Number of protein chains: 2
Amino acid sequence: MDETGDNGVAKPSRIQKQNRGRIIEAALDVFSQHGYRGATLDQIAERAGLSKPNILYYFNGKEEIHVTLLSQLMDRWLAPLRRLDPEGEPLDEILTYVRRKLEMSRKYPRESRLFANEILQGAPRIAPHLEGELKPLVDGAASTIQGWIDAGCIAPTEPRHLIFSIWATTQHYADFEAQVGVLMDGRAATDGADAFLTTLYTRMLQPVS
Amino acid sequence: MDETGDNGVAKPSRIQKQNRGRIIEAALDVFSQHGYRGATLDQIAERAGLSKPNILYYFNGKEEIHVTLLSQLMDRWLAPLRRLDPEGEPLDEILTYVRRKLEMSRKYPRESRLFANEILQGAPRIAPHLEGELKPLVDGAASTIQGWIDAGCIAPTEPRHLIFSIWATTQHYADFEAQVGVLMDGRAATDGADAFLTTLYTRMLQPVS
DNA sequence: GTGGTCTTTTACCAAATGGTCAACTTAACG
DNA sequence: CGTTAAGTTGACCATTTGGTAAAAGACCAC
């Protein structure tokens with residue numbers, strides 16, 4: 001047993017941390033661009049500046065890299081929804097959530113595409129995370145929103161579909177960038193997106209009294 | 001030269017039509033589920049009930065099958081937007097467009113996912129179609145919508161972002177079905193979607209006078 | 001039927017790919 | 001230092017995969 005520390009997991013050395021980081025970074029590049037099956041260990045190795053056997057020294061296989069990537073991604077991805085505050089001003093909370101999601105789309109398009117790729121193929125490797133992490137979080141957010149609706153703070157809607165539409169519209173700019181780029185030639189896509197989505201959800205949710 | 005007819009293209013025999021059809025159908029299944037690189041000719045062959053070399057007798061290679069599929073798909077995919085009528089009642093026209101797109105998502109989820117997969121990877125094989133077919137169509141629709149806005153028939157917005165949001169929200173139910181299914185367990189996802197999107201775009205576009 | 005074309009299959013190939021292994025090099029540390 | 005463990009690599013392997021060649025089989029007009 002070469003365990004250190006207290007929980008049965010060996011403490012990673014400096015070199016371990018660095019190389020695992022480089023592999024994950026390279027894998028994010030490659031997986032997000034080509035999908036799971038389209039990505040090859042050679043591509044990841046080259047991008048990471050390591051040899052293929054060396055990659056397999058740090059991860060037990062291609063799938064483990066992918067799963068590690070998805071797990072790490074989930075945290076960052078769900079953070080904006082976690083910050084939805086039931087005590088905040090309802091419309092403002094939702095608009096802030098929309099802006100945060102849009103910012104994620106801008107700042108982390110690779111993560112967005114990796115996630116989209118995984119879901120598109122039926123979420124074979126991330127299904128447990130959807131059930132275990134995402135679902136309770138969404139359930140909570142949905143009842144928060146429902147509470148706002150019941151209190152008359154925002155116009156009535158189905159909370160879950162509202163959430164879906166926010167995901168869809170914000171992630172669209174990262175996931176379908178190739179298409180948006182063609183259709184918006186010249187024009188700045190993301191600037192307009194912010195204004196449009198603010199308008200969309202303001203008009204959608206403003207209570208009519 | 002074994003050409004028949006008038007335009008240099010051999011007229012397909014009964015058996016040709018049947019087998020090419022079966023291959024395309026099988027390929028739609030496989031490509032939409034696994035993406036381009038994840039799909040194999042063997043899978044397509046098995047699903048089509050033909051041998052692999054026989055598949056390659058009808059198509060010159062994997063890529064040709066994929067491109068054929070995408071080309072055929074584009075027509076069906078753009079049909080709803082083509083039916084947007086500048087002479088119609090504006091809000092009604094857009095809501096009808098939303099419902100048609102949502103219906104496509106329900107009836108042709110494989111096509112939706114195939115398309116999403118292609119765009120996600122940077123549209124390597126469909127880029128010409130985007131420029132040549134999609135772009136002029138969207139330009140036309142955008143100016144139609146802009147006309148409605150200028151006439152005060154619907155509330156002002158950026159037409160292109162409006163179109164993006166319609167695509168995103170409707171296709172979401174097909175492309176992210178794996179996720180929607182987990183989060184909507186029990187509840188009927190598509191019924192609620194129709195009501196939600198109608199509300200969303202009605203509130204968004206109703207002119208305030 | 002028969003000749004000729006269209007269709008299908010068997011056997012095969014070269015390249016790509018995920019992964020292994022034993023040997024080698026480097027870092028850590030007393 | 002020197003020894004031990006951590007890290008790295010070149011060579012190799014089995015399988016998968018897109019694709020080919022040629023022969024065998026089915027179809028069809030005459």
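Since we're looking at a predicted model, the values are computed, not measured. We name chains A, B, ... by the order of the sequence lines, and we start the count at 1 in each one.
For B:Tyr58 and C:dT8, the shortest distance from a side-chain N or O to OP1 or OP2 is below 4.0 Å. OP1 or OP2 of C:dA28 sits under 4.0 Å from a side-chain N or O of A:Arg14. Close to D:dA6, at under 4.0 Å from its OP1 or OP2, lies no side-chain N or O of A:Asn19.
Rounded to a whole Å, the NE2 atom of B:His66 is 13 Å from the P atom of D:dG18. Following rounding to the nearest Å, A:Gln18 (CD) and D:dA6 (C1') show an atom-to-atom distance of 14 Å.
Residue contacts shown for B:Ala39 are limited to sugar-phosphate atoms, with no base heavy atom under 4.0 Å away. Here B:Ile15 lies in heavy-atom contact (under 4.0 Å) with sugar-phosphate atoms only. Within 4.0 Å (heavy atoms only), A:Phe59 reaches no atom of the nucleic acid at all. B:Ser51 comes within 4.0 angstrom of a base, heavy atoms only.
Proximity note for B:Leu41 (side chain, C-beta onward) versus D:dA11, D:dG18, D:dG7: the nearest is D:dG18. In the set D:dT8, C:dT7, C:dT9, the nucleotide with an atom closest to the side chain of B:Gln16 is C:dT7. Considering only side-chain atoms of A:Asp42, the nucleotide from D:dA11, C:dT7, C:dT17 that sits closest is C:dT17. Set against D:dA21, D:dT17, D:dG10, the side chain of A:Pro53 has D:dG10 as its closest nucleotide. In this structure, of D:dG10, D:dG19, C:dC6, it is D:dG19 that holds the atom nearest to the side chain of B:Leu56.
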(request) Determine, stepwise, if the pair B:His66 / B:Arg125 fulfils side chain to side chain donor-acceptor pair (under 3.5 Å). (result) CA-CA 8 Å; B:His66 196 244; B:Arg125 276 168 279 273; 3.2 Å; yes
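Of all heavy-atom pairs between B:Ile24 and B:Thr68, the closest is CD1-CG2, 3.8 Å. Nearest heavy-atom pair across A:Ile163 and A:Ala142 is CD1-N, 4.4 Å.
Nearest-nucleotide positions on DNA chain D place A:Asn54 closer to the 5' end than the other of A:Asn54 and B:Lys52.
Geometrically, B:Arg20 engages B:Phe59 in a cation-pi contact, judged by NZ or CZ lying under 6.0 Å from the ring centre and within 45° of the ring axis.
Residues B:Ser165 and B:Tyr201 have side chains that bring a donor and an acceptor to within less than 3.5 angstrom of each other.
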